[in-house]
Amino acid sequence: MNISSPNAPTHIEQLICTNRFGTFFGVSQQVFDRVWGQLTRPDGDSIAYISMEIGADPDVFHPIKDWLERERIREHADPQINRLVQKYLNGPRKIPNYSGGLGVLAGDTLKSFADMHVPALAISLLYREGYFSQIVDSKVGQIDQATRWTPETTPTLFQLRNPEAPDQPLVIEIPFYNGPPPHPTMVKAHVWMKLEIAGELDSFVPEFLIDYSLPDAPSWIIEPAHQLYNAKSAIIKANQRRMLGSAILPLLEALGCTPRTIHLNEQHGITVILRLILQELHDAFGDAFLDRVADADILAAAERVAHKIVYTIHTPVKAGHDRFSRELYSAISHKAFQQILNLIAHDEEGCHEYNFTAMAMRINRAVNGVSRLHRDVTKRQFPAFADKIKAITNGVHHLTWISEQRAACFDQFPSLRAWRTDPSCFDAITEQEATALAPMFKEAWRKDNRLLIDYVNAMLKSHREQMVETWIDPPNHLSNLPETEWLQPDVFTIGFARRFSTYKRADLIFDDIGLLSDILIALDRPVNFLFAGKAHPADEPGKSVLKLILDNQEELYIRSKGLGKLVFIPGYDMQISKLMVSGVHAWLNSPKRPLEASGTSGMKAAMNGVPNISIMDGWWVEGYHDGQTGWKFGYEGPIEEADLSEAPDALLYAEDAAAFYQLLPTILESFYDHPASYLKRALNNLRLNIPIFNTHRMAAEYVAQYGLRLPKDLEESIDRFRRLYLSEEGAMPIP
């Protein structure tokens, strides 16, 4: 981390900051006051980013810990400061309030907002049992277990205090209309703030996490408050969405924050729209508005509310679109809400359901898909809104996902010295510079590969010992073999890590293990296949795919005569992800086209120069660059002719697996026999993909949608990132 900002701290005491909601740690009082002042300005020139999940574990991006270690601060004489030092150096490093790519994208977006000084805040829920912890047994498959964590001891998290009684936590009251008005049920919640601090410690974005898990919480709040995406019943799922959307306005009022724009990262917080429309109607018609409004009044209010909403849709998969029966919603909302929903949330396919994705499509001033291809698919799915659906291709936070080994390499290279603050600098690498960078980069890659292989082998040993101590059978066949048969560094290693869902087809390349084994034997080339990821606890088909990965291990090892080694890494999280995307030699993505909206894990690999082997879906259509950065395989026909079904008989296993088998010898020959050619593809990723697929560029595109009035120097800085790449093909550069 390079701290060159004039606001950067020189002494640890400068990292203490306060306001009426408490004492915090991580930025100077000057920085804190500047940011808080922007978020509470009367003109509302800021944005509120709403996401059901936010992935920002402090074990993969930790600017405060880096600063403490660089300054060699291990303890402090002041007891209060020393507690913070120990917490940041030695405290737990997990905030398990995310399930996968959607949440990690949210965290990466907020980090870039902080780095770029965009005036933004975020709102999500705090889940006392996180998502879930994954145990994997070779015979049973995935076993779901509640996650236990303590926000009180986790660095970067602070519980907000009551300004009138600082020894007490801040309590906000949130109205829920589980019956007719005017007497809603008032539910209390505490508020936690995570400081998402810029890499140079000169700005931050506050993430406010609503904690409903209080001793006096109503019974219908308790279960949805505990675990992310609890889907034990439709009512629990609906209430969890309501808990997010209903808390937004009361929280903003309690804090005095005044964002003019609400950005919905998916539709999970969409019920805020109902509250905003109700607010508009009350302002227009007074307390008796329920008896006075007509449908035309509601639609006019909805149109006014739409100017406050920016909406990002993340999936074309139907299971990702929230639908709730009208009967269910009539039991948890009052007449006015039902009247609004009847007008703006009707489902074209089912008259007995409310479609919250359709409502989000209707009520916004801007809506975007997360890649060019996803934009086109979304237009096909929602033709009534096709004219306003645009593309803002996702990115990842380069400071989070580039490994320490690669970072040290880039720091030493003269033309890349600004890479931490300006990922566009990779675009200027000349052919001569690439030749000079190649040996340094190759050595960094080798070190990352060894770190990954060492981690996997230590895991295999741990699982073997665990077999003796517990009832769990090791999830990997290799744990039962001598250590001489375990993984070796510098063997071609393919990585696959993401949510296990049927359309992602994690098991695609093992569709014909006999043929795969024959290829490895014929070429006499070893390959490590490393897989990780979780299936949602309620997704039995997804769990079955995971179990197939486990079941294929022994057969692949035997039939390939030990050349093919398939390993599953349980407990997938951001730390494992970072280890994998930097330590493998190629990143595999095998969804059914065009059901993968983006695929940010492949971008994380590209940030480390790792070539992708992918179906032409999501971001890879834009990141492939005619084969300069990796390989493509499988179906890539027109979207108009594509089958969006997830039915097993429509997943194109045989066709796309055959395409992979045809391609594999070319890839292995390149890696083993023409390493210079393989390395060139890796360097092309640095040059061609880092400048595009970073969240600085993505955030800059969003800022254009927000309509913020920014200081000239800040707008010029953001505009520089915006001009790196225009996600919307054919769009003119923003003046």
Side-chain angles (χ1 to χ4, degrees), residues 100-102 266-267 313-323 347-350 353 355 357-358 361 367-386 389 391 393-394 496 498-512 533 535-536 539-546 548-549 588-602 612-624 631-663 729:
L102 178 71
E266 262 305 347
Q267 86 290 346
I313 182 171
H314 285 268
T315 179
V317 177
K318 285 189 176 182
H321 299 165
D322 282 345
R323 289 177 169 88
D347 191 335
E348 302 294 345
E349 297 180 6
E353 290 185 316
N355 185 327
T357 298
M361 281 286 176
V367 57
N368 63 276
V370 290
S371 69
R372 290 174 175 174
L373 186 65
H374 179 230
R375 171 202 59 197
D376 296 342
V377 174
T378 305
K379 286 185 175 186
R380 176 181 168 186
Q381 288 185 304
F382 297 93
F385 313 107
I389 297 170
T393 300
N394 278 342
F496 179 105
R498 53 183 56 83
R499 180 167 55 90
F500 272 73
S501 183
T502 52
Y503 78 89
K504 292 180 183 286
R505 303 187 304 183
D507 58 332
L508 175 78
I509 66 171
F510 307 112
D511 191 56
D512 189 337
H536 186 282
D539 184 2
E540 294 303 326
K543 289 182 180 179
S544 297
V545 175
L546 191 155
L548 283 171
I549 297 297
L588 175 67
N589 192 29
S590 50
K592 177 192 174 183
R593 174 185 161 102
L595 297 182
E596 183 77 277
S598 177
T600 50
S601 67
N612 275 253
I613 306 170
S614 179
I615 296 288
M616 287 294 274
D617 201 4
W619 82 283
W620 190 232
V621 176
E622 299 165 63
Y624 175 64
W631 293 269
K632 65 176 181 177
F633 69 99
Y635 173 80
E636 55 178 303
I639 294 302
E640 293 75 14
E641 300 173 12
D643 183 355
L644 300 182
S645 170
E646 297 175 74
D649 60 354
L651 289 179
L652 304 179
Y653 263 76
E655 301 92 325
D656 286 354
F660 174 81
Y661 300 141
Q662 185 175 4
L663 176 64
E729 289 174 300

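What you see is a predicted model, and the numbers here were worked out from it, not measured in a lab.
Nearest heavy-atom pair across Arg498 and Lys504 is CD-CD, 3.8 Å. Between Ala391 and Arg372, the shortest heavy-atom distance links the atoms CB-CA, 4.0 Å. Closest heavy-atom contact between Glu646 and Thr502: OE1-OG1, 4.0 Å. When all heavy atoms of Ile313 and His374 are compared, the closest pair comes out as O-CE1, 3.1 Å. Residues Gly542 and Ala535 approach most closely at C-CB, 3.7 Å, considering heavy atoms. Contact detail for Asn355 and Arg323: the closest heavy-atom pair is ND2-NH2, 3.3 Å.
Distance alone, capped at 3.5 Å, places no donor-acceptor pair between the Trp620 side chain and the Ile613 backbone. Judged by distance alone, with hydrogens and angles left aside, the side-chain atoms of Arg375 form no donor-acceptor pair with the main-chain N or O of Ile389 at under 3.5 Å. Using modelled atom types, one side-chain atom of Tyr661 and one backbone atom of Ile509 make a donor-acceptor pair closer than 3.5 Å. Of the possible donor and acceptor atoms, none in the side chain of Asp511 sits under 3.5 Å from a partner among the backbone N and O of Ala657. Judged purely by atom type and a 3.5 angstrom limit, Thr600 has no side-chain atom pairing as donor or acceptor with the backbone of Gly101. Between the side chain of Asn394 and the backbone N or O of Gly599, no donor-acceptor pair lies under 3.5 Å. A donor-acceptor contact shorter than 3.5 Å is absent between the side chain of Glu622 and the backbone of Ser371.
One finds no salt bridge joining Arg499 and Asp539 here, because no Lys/Arg side-chain nitrogen approaches an Asp/Glu carboxylate oxygen to under 4.0 Å.
Surrounding CD of Glu655 are more than 12 heavy atoms belonging to other residues, nucleotides or ligands, all under 6.0 Å away.
The shortest side-chain heavy-atom distance between Asp656 and Lys592 does not fall under the 4.5 Å cut-off. In this structure, the side chains of Phe496 and Leu508 stay at 4.5 Å or more apart for every pair of heavy atoms. Between Val621 and Arg593 there is a side-chain heavy-atom pair separated by less than 4.5 Å. Within the 4.5 Å cutoff, no side-chain heavy atoms of Val367 are placed close to those of Phe382. Side chains of Pro594 and Leu644 form a contact here, defined as non-hydrogen atoms less than 4.5 Å apart.
Note that the CG atom of Asp322 and the CD atom of Glu353 stand 11.0 Å from one another [nearest 0.5 Å]. Taken to the nearest 0.5 Å, the OG atom of Ser601 stands 7.5 Å off from the CG atom of Asn612. Residue Ser501 holds its OG atom at 12.0 Å from CG of Leu546, rounded to the nearest 0.5 Å. For the atom pair CG (Leu595) and CD1 (Ile615), the distance works out to 11.0 Å, reported to the nearest 0.5 Å. To the nearest 0.5 angstrom, Met616 atom CE is 14.0 Å from Glu596 atom CD. Distance CD/Gln381 to OG1/Thr357: 9.0 Å, rounded to 0.5 Å.
Among residues two or more places apart in sequence or in another chain, the ring-ring contact (aromatic ring centres under 6.0 Å, His included) test is passed with Phe510 by Phe529, Phe531. Judged as a side chain to side chain donor-acceptor pair (under 3.5 Å), and not counting sequence neighbours, Tyr624 has no contacts. Under the rule for a ring-ring contact (aromatic ring centres under 6.0 Å, His included), Tyr503 has no partner lying at least two apart in sequence or in another chain.
A donor-acceptor contact under 3.5 angstrom links the side chains of Asp507 and Tyr653, judged on distance only.
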Determine, step by step, whether Lys632 and Leu663 satisfy the side chain to side chain contact (heavy atoms under 4.5 Å, CB included) criterion, reporting the C-alpha distance in whole Å, the side-chain angles of both residues, the deciding distance to 0.1 Å, and the verdict. CA-CA 9 Å; Lys632 65 176 181 177; Leu663 176 64; over 6 Å; no
Passes side chain to side chain contact (heavy atoms under 4.5 Å, CB included), Ile639 versus Leu373? Steps please. CA-CA 8 Å; Ile639 294 302; Leu373 186 65; 3.2 Å; yes
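Aromatic ring orientation, Phe633 versus Phe660: perpendicular (interplanar angle above 60°, classes split at 30° and 60°).
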